[in-house]
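Residues: numbered from 1 along the sequence shown. In listed order, ligands and their atoms are each counted from 1. Small disclaimer: the values here were computed from a predicted structure and weren't measured.
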Amino acid sequence: MKVYENISLKSHNTFGIDVKARRLVVVGTDEPLPALEEPYLILGAGSDVVFTRDYPGTVVLLDPAAADAVLQADGTVVAPAGMVLDSLIQWTLERGVYGLENLSAIPGTVGASVVQNVGAYGVEAKDVVSRVEAYDLRERRTVAFSADECRFGYRTSLFKGEPGRWLIRRVHYRLAHTFEPNLTYRTLEALPHATAAELRQSITDLRWSKLPRPEEHGSAGSFFKNPVVDESVCRRLKAEYPDMPEAHAAEGGYKLSAGWLIDRAGWKGRTMGRAGVWPQNALVLYNTGGCTGAEVVTLAEAVRQDVQRRFGIGLEPEAIIV
Ligand code: EPU
């Protein structure tokens with residue numbers, strides 16, 4: 001375990017916001033957690049968080065270098081929660097097990113990908129996760145969850161619903177020894193994908209064509225969730241905007257595209273202070289350089305209010321504001 005005092009979190013959040021934590025604790029996958037005084041925050045790679053001020057308590061991170069993943073004979077992969085998800089995906093392809101390729105290049109750790117139920121290009125974490133080992137900070141014991149018990153939903157899970165309670169230690173994935181590409185996302189069919197490595201490369205390129213490169217501009221990927229509305233709302237908007245994309249939502253109703261709504265409201269490429277709306281994708285807010293969390297929140301609120309006023313749709317952030 002490593003403990004740091006009054007340390008910058010700039011390299012621990014993908015927005016690159018320069019706030020300090022009073023204490024930062026980095027623990028190994030199986031290391032016991034020290035008793036934590038409130039307030040504390042369990043952070044993955046900080047890929048879905050906006051820090052608006054110095055953190056007055058303890059930030060806990062799982063050591064990214066703590067352990068390697070393990071491949072079992074039936075194709076199950078058991079990965080330590082601190083591992084970077086994209087490194088795990090590369091690792092699985094090198095060992096000939098498939099199912100995670102479509103999540104390539106999503107920033108963040110294995111643990112965070114479960115909390116958020118990350119998804120992209122036709123696959124969500126919940127489709128491949130079979131078991132989660134988590135430490136319950138309230139009861140101070142380790143609990144194993146089946147996929148059903150994780151209560152996964154669109155960018156959410158039981159773990160997200162109880163912030164501060166669960167430290168994910170390990171994630172089990174049910175993967176396949178044969179490569180069957182998932183090409184359900186509308187534009188994937190057209191991409192080169194003969195092998196899993198080629199599909200992974202195509203997905204990575206597609207993702208980087210729509211999102212800022214982390215080494216150039218900080219962001220949290222999609223800032224807002226796609227809103228789910230009922231049929232009457234969808235029909236009303238469709239009558240006014242026939243080109244508006246919509247899809248049936250797994251949870252019932254219709255999923256609209258927050259990116260399209262924000263784009264249509266004219267926000268693409270606009271900046272407020274040092275926060276901006278990504279010129280290639282209106283769903284992404286980014287750090288134009290030296291941005292504060294307050295600037296991100298101010299821009300997000302202006303976007304949210306404008307979309308509410310124009311379309312009558314309330315957008316919710318995917319990112320957590322701290
Ligand atoms: N669109 C616009 N203008 C924009 C952005 C999008 O008109 O500026 C339109 C697109 O043309 C398309 C529709 O909106 O018709 C949807 O866009 P896209 O397919 O790119 O995906 P998205 O709904 O914007 C979601 C996820 C992404 C994921 C992609 C691909 C959410 C909040 N976002 O984005 O996930 O990579 O689908 O599967 O569900 C993330 O969560 O951080 C993330 C990047």
Just checking, is any N or O donor in the side chain of Glu101 or Ser104 under 3.5 Å from an acceptor N or O on the other one? no
In ligand 1, which numbered atoms sit nearer than 4.0 Å to a non-hydrogen atom of Tyr121? 30 (C), 38 (O)
Close-contact set for ligand 1 against Gly221 heavy atoms, below 4.0 Å: 42 (O)
Has Arg207 got any heavy atom lying under 4.0 angstrom from an atom of ligand 1? yes
Test item: protein heavy atom less than 4.0 Å from atom 11 (O) of ligand 1: no
Do we get Lys10 above Phe15's six-membered ring, with its NZ or CZ under 6.0 Å from the centre and within 45° of the axis? no
Should the proximity of Leu283 to ligand 1, defined as any heavy atom under 4.0 Å, be assigned to the side chain, the backbone, both, or neither? side chain
For ligand 1, which atoms have a heavy atom of Ala282 less than 4.0 angstrom away? 4 (C), 8 (O)
Nearest protein heavy atom under 4.0 Å from atom 37 (O) of ligand 1, yes or no: no
Would you tell me which option among Phe224, Trp260, Tyr185 has the nearest heavy-atom contact to atom 9 (C) of ligand 1? Trp260
Suppose clustering is done on Ile, Leu, Val, Met, Phe, Trp and Tyr with side-chain heavy atoms closer than 4.5 Å. Which residues sit in the same group as Leu211? Trp208, Trp278, Val284, Tyr286
Closer than 4.0 Å and a protein heavy atom, does any atom meet both conditions relative to atom 29 (C) of ligand 1? no
Restricting to side chain to side chain donor-acceptor pair (under 3.5 Å), what partner residues turn up for Gln116, sequence neighbours left out? Asp48, Lys160
Identify, for atom 39 (O) of ligand 1, the protein heavy atom at the shortest distance, and state residue, atom and that distance. Tyr154 OH, 2.7 Å
Is it the side chain (CB and beyond), the backbone, both or neither of Ala120 that lies under 4.0 Å from ligand 1, heavy atoms counted? both
Please check if atom NZ in Lys20 has more than 12 non-hydrogen atoms from other residues, nucleotides or ligands closer than 6.0 Å. no
Would you kindly specify which portion of Lys268 sits under 4.0 Å from ligand 1, judged on non-hydrogen atoms: side chain, backbone, both or neither? side chain
Nearest heavy atom to atom 17 (O) of ligand 1 wins, so pick from Arg186, Glu246, Lys210, Arg155. Arg186
Numbering the atoms of ligand 1 from 1, which are under 4.0 Å from a heavy atom of Ser222? 26 (C), 27 (C), 31 (C), 32 (C), 33 (N), 35 (O), 40 (C), 41 (O), 42 (O), 43 (C), 44 (C)
Under the salt bridge (charged side-chain N to carboxylate O under 4.0 Å, His left out) rule, what do Glu246 and Lys255 come out as? Steps first, then yes or no, please. CA-CA 6 Å; Glu246 94 284 351; Lys255 198 180 258 187; over 6 Å; no
Determine the interplanar angle of the Tyr185 and Tyr121 rings, folded into 0 to 90°, and report it as parallel if under 30°, tilted if 30 to 60°, perpendicular if over 60°. perpendicular
